[in-house]
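Heads up, the thing below is written out as structure tokens.
In what follows, residues are counted from 1 in the order of the sequence shown. Values below: every heavy atom of this structure, side chains too, minus hydrogens, waters and symmetry copies.
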Amino acid sequence: MATAHGSSTASSPPWYAAYPPPRHLQPGYVTREELLSMLKDGENVTANDFVLVDLRRADHEGGTIRGSLNLPAQSLYPTIPTLYCLFKAAGVRKVIWYCSSSRGRGTRAAGWFQDHIVDCGGGDSIESLILYEGVKGWALGGSQFVEWMEEYDAAPWTSKAT
């Protein structure tokens with residue numbers, strides 16, 4: 001049945017249903033305090049030590065953690081082999097994925113990437129991790145975290161905190 005706006009009222013499957021479920025369902029994680037320390041110690045860490053990946057698309061508001069790549073989760077799965085090759089060639093040791101909470105897209109992306117790492121036999125060279133509590137936890141963590149955000153806007157975070 002179509003609505004007045006021409007869209008279907010029947011619920012469509014979620015975007016990730018088009019892809020196989022990740023085999024690794026509980027990826028490792030990095031806390032916001034650990035990541036902040038990694039960012040602050042950047043001059044002591046090689047530039048390719050870790051990569052931050054922001055998986056948000058339509059809800060990409062309120063800012064992002066400085067230096068993050070924005071790779072929306074909805075288009076991520078087919079790019080995983082290419083990302084793996086790029087990260088491996090660059091010597092990246094940790095890929096840290098996050099979305100708003102890191103409970104859905106973040107966990108799924110980290111699981112898919114970990115699956116690929118294992119399938120390629122590179123399990124000891126790259127870690128696939130999530131940012132515990134996602135960017136929401138980061139933004140609500142206090143000024144020491146907010147100062148490491150690009151395009152920060154408090155409004156989305158204060159309305160989501162309640």
Side-chain angles (χ1 to χ4, degrees), residues 11-141 144-146 148-152 160:
S11 64
S12 57
W15 64 268
Y16 53 85
Y19 307 112
R23 297 186 312 268
H24 291 85
L25 300 175
Q26 297 186 325
Y29 63 88
V30 172
T31 66
R32 64 178 173 237
E33 293 82 8
E34 290 168 329
L35 179 56
L36 182 61
S37 178
M38 292 166 67
L39 291 168
K40 286 182 175 181
D41 290 341
E43 64 275 1
N44 300 324
V45 178
T46 61
N48 56 7
D49 189 55
F50 67 94
V51 172
L52 289 170
V53 182
D54 185 340
L55 296 159
R56 297 173 297 152
R57 181 180 69 176
D59 60 335
H60 193 265
E61 58 185 8
T64 191
I65 301 169
R66 191 181 312 158
S68 297
L69 299 173
N70 181 234
L71 301 173
Q74 293 80 353
S75 60
L76 177 72
Y77 187 82
T79 68
I80 287 174
T82 301
L83 289 172
Y84 175 79
C85 289
L86 290 170
F87 293 158
K88 188 163 179 73
V92 171
R93 294 190 308 221
K94 294 178 183 174
V95 181
I96 304 168
W97 309 90
Y98 68 88
C99 58
S100 183
S101 67
S102 292
R103 290 189 197 120
R105 294 166 288 184
T107 299
R108 191 170 289 107
W112 282 332
F113 199 75
Q114 184 64 42
D115 292 348
H116 191 78
I117 290 168
V118 169
D119 292 347
C120 290
D124 58 350
S125 63
I126 302 176
E127 286 184 89
S128 182
L129 308 164
I130 59 168
L131 172 60
Y132 185 73
E133 297 183 331
V135 70
K136 179 180 178 183
W138 183 274
L140 296 175
Q144 71 270 28
F145 299 99
V146 169
W148 285 86
M149 291 184 75
E150 295 173 347
E151 300 181 19
Y152 175 73
K160 290 179 183 178

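Atoms CD1 and CZ, from I80 and F113 in turn, are 7.5 Å apart once rounded to the nearest 0.5 Å. To the nearest 0.5 Å, the span separating OH on Y77 from OH on Y19 amounts to 9.0 Å. Here H116 contributes atom NE2 and T82 contributes atom OG1; the two are 8.5 Å apart, rounded to the nearest 0.5 Å. Separation of atoms OH (Y152) and CD1 (I65) is listed at 12.5 Å; rounding is to 0.5 Å. For the atom pair T107 OG1 and H24 NE2, the distance stands at 13.5 Å (nearest 0.5 Å).
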- request: List the steps and the verdict of side chain to side chain contact (heavy atoms under 4.5 Å, CB included) for S128 and I117.
  value: CA-CA 8 Å; S128 182; I117 290 168; 4.1 Å; yes
query: After noting the C-alpha distance and the side-chain angles of L39 and F50, does the key distance pass the side chain to side chain contact (heavy atoms under 4.5 Å, CB included) rule?
result: CA-CA 10 Å; L39 291 168; F50 67 94; 3.8 Å; yes
message: side chain to side chain contact (heavy atoms under 4.5 Å, CB included) for K88 and S125? Distances and angles first, verdict last.
response: CA-CA 8 Å; K88 188 163 179 73; S125 63; 3.2 Å; yes
- prompt: Given V30 and Y132, is the side chain to side chain contact (heavy atoms under 4.5 Å, CB included) satisfied, shown in steps?
  reply: CA-CA 6 Å; V30 172; Y132 185 73; over 6 Å; no
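In this structure, M149 and V135 approach most closely via the heavy-atom pair CE-CG2, 4.0 Å. The minimum heavy-atom distance linking N70 with R56 is given by the pair ND2-O, 2.9 Å. For the residue pair I130 and G106, the shortest heavy atom distance occurs at CG2-O, 3.3 Å. Here the shortest heavy-atom pairing between P22 and D115 reads CA-OD2, 3.3 Å.
Panel note: side chain W138, backbone L35; no donor-acceptor pair is recorded below 3.5 Å. Without hydrogens or angle criteria, S102 side chain to L131 main chain gives a donor-acceptor distance under 3.5 Å.
Using a 4.5 Å heavy-atom cutoff, the side chains of E127 and I96 are not in contact. Side-chain contact check for W112 versus Y16: some heavy-atom pair is nearer than 4.5 Å. The shortest distance between side-chain heavy atoms of K94 and M38 falls below 4.5 Å. Side-chain contact between L76 and L83 is present, with at least one heavy-atom pair separated by less than 4.5 Å. Using a 4.5 Å heavy-atom threshold, the side chains of S101 and K136 count as separate. At a threshold of 4.5 Å between non-hydrogen side-chain atoms, the residues P72 and L55 do not count as touching. At least one side-chain heavy atom of V95 sits under 4.5 Å from a side-chain heavy atom of I126.
Between R105 and D54, none of the side-chain N atoms (NZ, or NE/NH1/NH2) sits under 4.0 Å from a carboxylate O, so this pair counts as no salt bridge. One finds a salt bridge joining E133 and R32 here, because a Lys/Arg side-chain nitrogen approaches an Asp/Glu carboxylate oxygen to under 4.0 Å.
For R108 and W15, the positive end sits near the middle of the six-membered ring, less than 6.0 Å away and at most 45° from its axis.
Residues S68 and Y98 have side chains that bring a donor and an acceptor to within less than 3.5 angstrom of each other.
Applying the 6.0 Å contact sphere to CD of E150 captures more than 12 heavy atoms from other residues, nucleotides or ligands. Around CD of Q144, the count of heavy atoms belonging to other residues, nucleotides or ligands within 6.0 Å exceeds 12. Within 6.0 Å of atom CZ in F145, more than 12 heavy atoms from other residues, nucleotides or ligands are found, so the atom counts as buried in its surroundings. Atom CZ of R66 is surrounded by more than 12 heavy atoms from other residues, nucleotides or ligands within 6.0 Å.
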